[in-house]
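In what follows, chains are A, B, ... by sequence order, proteins preceding strands, each numbered from 1. All values reported here derive from a predicted model rather than from experimental measurement.
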Amino acid sequence: MSAERPAPAAGITGSRALEAEVTRWFAVSARDLPWRRPGATAWEVLVSEFMLQQTPVPRVLPAYRAWLGRWPTARALAAATPGDAVRQWGALGYPRRAIRLHACAVIISARHGGRVPASLEALREMPGVGDYTAAAVTSFAFGQRHAVLDTNVRRVLARLVGGRQFPAGSVSAGERALAESLLPPAAGRRAATWSAALMELGALICTPARPACDRCPVAHRCAWRAAGMPPGPPPRRGAPYQGSDRQCRGSLLAVLRSADGPVAPAALAAAWPDPAQRDRALGALLFDGMAVRRDDGLICLPGDGRPPPPPGGPGRPGA
DNA sequence: TAGCCGTGGAA
DNA sequence: TTTCCAAGGCT
């Protein structure tokens with residue numbers, strides 16, 4: 001046999017060399033991000049992971065600094081109201097993440113002594129923490145050995161090993177097995193570094209469109225490239241946003257966010273012309289706990305107009 | 001599991 | 001101008 005061909009998915013050969021090539025590239029090319037610095041706390045890592053869910057790094061950076069400047073610990077955030085969290089979240093998008101992160105802070109304070117739990121299972125029980133975020137926190141904050149399958153890692157593995165341009169719609173068992181088989185040994189933080197490096201490779205080099213193969217440290221191993229980079233079916237597109245209920249919700253929430261206190265329905269009416277859609281969106285916000293209708297009919301963010309829970313108190317039943 | 005949940009910058 | 005997309009999670 002002459003030139004090495006791409007290895008099959010299971011038991012890929014040269015894993016050790018692959019790790020070395022990717023991590024060497026990472027050591028030189030990685031962005032200097034605050035949540036990656038050695039001193040970053042688990043809380044800081046958790047905050048970063050929430051903010052990075054479907055939100056680009058450049059937009060997260062200032063929000064991350066401001067958030068941790070205000071609430072450096074889970075206990076600090078737990079002492080605030082959910083409405084405070086939504087306001088501080090600002091226009092990062094997906095504001096329910098702020099509600100869920102606040103709920104995490106309350107749980108961490110009440111059930112985990114104020115420390116972010118270090119187990120996959122305990123993390124997974126918290127709102128807004130799915131398979132990816134739990135694996136990311138245990139890996140990056142605690143140095144554990146878990147496969148971290150985000151959209152970047154999935155795309156890199158789909159191309160490098162699978163020979164396809166894009167991964168499937170959801171994580172398959174085979175994909176997870178592959179990612180785990182490629183994980184370096186448990187010694188030190190090798191597995192965490194490997195995962196961070198794969199993510200960075202996907203974010204900077206192996207991008208969805210126009211991948212920079214000329215700068216890829218493992219282009220010589222890439223199954224997709226070896227196959228001539230055949231185009232795969234494009235990922236599914238979401239519903240149009242302009243004029244959608246989502247946009248309407250966003251507009252209403254922007255009004256509540258910028259107001260210091262409760263808002264009259266008329267103020268919301270000014271933010272969206274269509275009454276039926278407006279009422280539908282407001283109903284959804286109320287249903288989701290993103291907004292509250294007071295007895296006097298005014299609308300506010302959750303926790304507005306009430307004293308914040310005492311420190312260490314939330315989660316404890318009455319009086 | 002497919003559809004929904006925000007936002008704004010880049011192509 | 002429109003389209004695409006960015007470290008997911010939930011139902």
> Do the side-chain N or O atoms of A/R257 get closer than 4.0 angstrom to the phosphate oxygens (OP1, OP2) of B/dT7?
Replying inline: yes

>> So, using side-chain hydrogen bond (donor to acceptor under 3.5 Å, both in side chains) as the criterion, who are the partners of A/R278 when residues are at least two apart?
In response: none

> Within the structure shown, what part of the strands sits under 4.0 Å from A/W35 by heavy-atom distance: base, sugar-phosphate, or nothing?
Replying inline: base

>> At 4.0 Å (heavy atoms only), tell me whether A/L198 reaches a base, stays on the sugar-phosphate, or touches nothing.
In response: nothing

> Between the side chains of A/T133 and A/Q53, does any donor sit under 3.5 Å from an acceptor?
Replying inline: yes

> Atom CZ of A/R246 and atom C1' of B/dG8: how far apart are they, to the nearest Å?
Replying inline: 13 Å

>> Distance check needed: B/dC4 P versus A/F287 CZ, whole Å only.
In response: 16 Å

> Considering heavy-atom distances to DNA chain C, does A/R237 or A/E200 have its closest nucleotide positioned more toward the 5' end?
Replying inline: A/R237

> Under 4.0 angstrom, heavy atoms only, what part of the nucleic acid is A/P208 near: base, sugar-phosphate, or nothing?
Replying inline: sugar-phosphate

> Reckon A/L92 touches a base, only the sugar-phosphate, or nothing at all at heavy-atom distances under 4.0 Å?
Replying inline: base

> Considering heavy-atom distances to DNA chain B, does A/P56 or A/S170 have its closest nucleotide positioned more toward the 5' end?
Replying inline: A/S170

> To the nearest Å, how far apart are A/Q277 CD and B/dC4 P?
Replying inline: 13 Å

> Which whole-number value in Å describes the distance from A/R155 CZ to C/dA7 C1'?
Replying inline: 11 Å

> In whole angstroms, how far is the P atom of C/dA7 from the CD atom of A/E44?
Replying inline: 22 Å

> Is the distance between the ring centroids of A/W35 and A/F140 less than 6.0 Å?
Replying inline: no

> For A/R59 and B/dA10, what is the distance between atoms CZ and C1' respectively, to the nearest whole Å?
Replying inline: 12 Å

> With a 4.0 Å cut-off on heavy atoms, is A/A91 in touch with a base, just the backbone sugar-phosphate, or nothing at all?
Replying inline: sugar-phosphate

> Base, sugar-phosphate, or nothing for A/Y241, non-hydrogen atoms under 4.0 angstrom?
Replying inline: base

>> Quick one, A/E49 with A/R97, criterion salt bridge (Lys or Arg N to Asp or Glu O under 4.0 Å). Give me CA distance, side-chain angles, the key distance, then yes/no.
In response: CA-CA 10 Å; A/E49 293 302 339; A/R97 290 182 292 170; over 6 Å; no

> Is a salt bridge present between A/R294 and A/D304, judged by a nitrogen-to-oxygen distance below 4.0 Å?
Replying inline: no

For residues 254-266 of chain A, run the donor-acceptor check on the side chains, cut-off 3.5 Å, and write out each pair with its distance to 0.1 Å, sequence neighbours left out.
unit_1: A/R257; atom_1: NE; unit_2: A/G90; atom_2: O; d: 3.1
unit_1: A/S258; atom_1: OG; unit_2: A/A254; atom_2: O; d: 3.1
unit_1: A/S258; atom_1: OG; unit_2: A/V255; atom_2: O; d: 3.1

>> Please find the pair of heavy atoms, one from A/R36 and one from A/A30, that lie closest to each other, and give the distance.
In response: NH1-CB, 3.9 Å

>> Distance check, C1' atoms only: C/dA7 and B/dA2, in whole angstrom units.
In response: 22 Å

> Among the nucleotides B/dC4, B/dC5, C/dA7, which one has an atom lying closest to any side-chain atom of A/A239?
Replying inline: B/dC4

> When you compare B/dG6 with C/dC4, how far apart are their C1' atoms, in angstrom units rounded to a whole number?
Replying inline: 15 Å

Tabulate atom names and distances for all N/O pairs under 3.5 angstrom spanning the protein and nucleotides 8-11 of chain C.
unit_1: C/dG8; atom_1: OP2; unit_2: A/Q54; atom_2: N; d: 3.2
unit_1: C/dG8; atom_1: OP2; unit_2: A/Q54; atom_2: NE2; d: 2.8
unit_1: C/dG8; atom_1: O3'; unit_2: A/T133; atom_2: OG1; d: 3.4
unit_1: C/dG8; atom_1: N7; unit_2: A/Q54; atom_2: NE2; d: 3.3
unit_1: C/dG9; atom_1: OP1; unit_2: A/G130; atom_2: N; d: 2.8
unit_1: C/dG9; atom_1: OP1; unit_2: A/T133; atom_2: N; d: 2.9
unit_1: C/dG9; atom_1: OP1; unit_2: A/T133; atom_2: OG1; d: 2.5
unit_1: C/dG9; atom_1: OP2; unit_2: A/Y132; atom_2: N; d: 3.3
unit_1: C/dC10; atom_1: OP1; unit_2: A/G128; atom_2: N; d: 2.8

> Once you round it to whole Å, what is the distance between P of C/dA7 and CG of A/L149?
Replying inline: 14 Å

>> Quick check on the 6.0 Å ring-centre criterion: do A/W89 and A/W67 meet it?
In response: yes

>> Let me spell it out: for each of A/G169 and A/R210, pick the nucleotide of DNA chain B with the closest heavy atom. Which residue's pick is nearer the 5' end?
In response: A/G169

> Rounding to a whole Å, what distance do you find between A/M51:CE and B/dG6:P?
Replying inline: 16 Å

